[in-house]
Amino acid sequence: MSMANAVQEYARTLTLRSSTHYRVGPFTVRYNAGWKLKYANYAIPDRDAEPTADDVTALVDAFRERGRLPRLEFLPAWAPAVEPALLAAGFTVESRAPLLVCAREGLRAPKPVDGLRIAVPATDTEFVDAARIQHHGFGGAGEPEPGTITWLRSAAAGDGVAALAALDGAPAGAGGCTLPVDGLSELVGLAVAAPFRRRGVGAALSAWLTERALDQGCRAVWLEPGDADVERIYASIGYRRIGEKVNISLEPADR
């Protein structure tokens, strides 16, 4: 199996292990009841799925019944018939994002950042600080949803990884790595607070999380960068492209 397909199988397996996932036709849906963020709620098609128009309609209805944006994330080559079926139903491609991966032999140390401290959050305040950075970093306003804090606590207490970076004592960045499956883990939710960007915090935090996941037994860590500038940061510490993922959703008709 190619590394790209291994990553897709990882995402599907992790979703199937969630107690809140559900199935609709040839789709597995990741659902977070306490977390409305679109990146935490999406469907993955079965390999080589060929959904009918009725399958797509049922999927849309299931998302909307739960108050979520109908949305999918997957590799087009994993299920080539799915994207055309979604486009025919009115879905719009949000992005075609590269998939990056880093193994032990490729990881490179970032430039040191004076005054930077990275550690697993331990106190209630630290978990809230980390969640707030992530919430604002991904476009949220106000305080983070409970689901963000719950995920960080789970990653810190289990087999995943959670981190809070502080620069000169102030919360500066946060992120985590998911539960490993078959030696793979995903680096997710990495965000740097606005006052601390372009100072090397993101690269240092990414390298710390990647190394910790590898130290816990992963053979490789993968991720999806937000844009070309972010991809360059990951490339600087050893991440390389292995494929491309499509993110596609159906906005309400009145928007």
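Only this structure's heavy atoms are used, side chains among them; waters, hydrogens and symmetry mates stay out. Nothing fancy with the numbering, it's 1 onward along the sequence. Just so you know, these numbers come straight off a predicted model, no measurement behind them.
Every pair passing side chain to side chain donor-acceptor pair (under 3.5 Å) that includes a residue from residues 233-245 is listed here, sequence neighbours excluded: E73-K245, T210-Y239, E224-K245, E231-R241, K245-N247. Here side chain to side chain donor-acceptor pair (under 3.5 Å) pairs that include residues 51-60, with residues two or more places apart or in two chains, are T52-D55.
For K36, the NZ atom sits in a loose shell: 12 or fewer heavy atoms of surrounding residues, nucleotides or ligands are nearer than 6.0 Å. Other residues, nucleotides and ligands place no more than 12 heavy atoms under 6.0 Å from the OH atom of Y39.
Applying the side-chain hydrogen bond (donor to acceptor under 3.5 Å, both in side chains) rule to D124 yields the partners R153; only residues at least two apart in sequence or on another chain are considered. For the salt bridge (charged side-chain N to carboxylate O under 4.0 Å, His left out) test, residues two or more places apart in sequence or in another chain that qualify with E143 are R132. Every residue two or more places apart in sequence or in another chain was checked for a salt bridge (charged side-chain N to carboxylate O under 4.0 Å, His left out) with R108, and none qualifies. Residues passing the salt bridge (charged side-chain N to carboxylate O under 4.0 Å, His left out) test with R66: none are found, sequence neighbours excluded. Every residue meeting the salt bridge (charged side-chain N to carboxylate O under 4.0 Å, His left out) condition with D229, not counting sequence neighbours, appears here in chain and number order: R232. Residues forming a side chain to side chain contact (heavy atoms under 4.5 Å, CB included) with E211 (at least two apart in sequence, or on another chain): R104, L107, D215.
If you chain together ILVMFWY residues whose side-chain heavy atoms come under 4.5 Å of each other, I44 ends up grouped with Y42. Other residues sharing a hydrophobic cluster with L16 under the 4.5 Å side-chain heavy-atom criterion for ILVMFWY residues do not exist; the residue is a singleton. In this structure, L86 belongs to a hydrophobic cluster whose other members, linked by side-chain heavy atoms under 4.5 Å apart, are Y22, V24, F27, V29, Y31, V56, L59, V60, F63, L72, F74, V82, L87, F91, V93, V246, I248, L250. The hydrophobic cluster around I233 extends to none of the other residues, as no ILVMFWY side-chain heavy atom falls under 4.5 Å of it.
Minimum heavy-atom separation, L116 to A165: CD1-CB, 4.0 Å. Contact record, I118 with A163: CG2-CB, 4.1 Å, taken as the closest heavy-atom pair. The nearest pair of heavy atoms linking A162 to L209 is C-CD2, 4.4 Å.
A donor atom on one side chain and an acceptor atom on the other are found under 3.5 Å apart for S18 and T20. Neither side chain, Q134 nor T148, offers a donor N or O lying under 3.5 Å from an acceptor on the other.
Inter-residue side-chain proximity for V201 and L167 is flagged as met; some heavy-atom pair is nearer than 4.5 Å.
For the atom pair OG of S95 and CG of D227, the computed distance is 10.5 Å after rounding to the nearest 0.5 Å.
In this structure, R117 does not pair ionically with D168, as no charged nitrogen and carboxylate oxygen lie closer than 4.0 Å. Salt bridge absent: R219 and D182 never bring a charged side-chain N and a carboxylate O closer than 4.0 Å.
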Begin from the C-alpha positions of E94 and K38 and carry the test salt bridge (Lys or Arg N to Asp or Glu O under 4.0 Å) through to its verdict. CA-CA 12 Å; E94 297 175 354; K38 69 178 184 179; 3.6 Å; yes
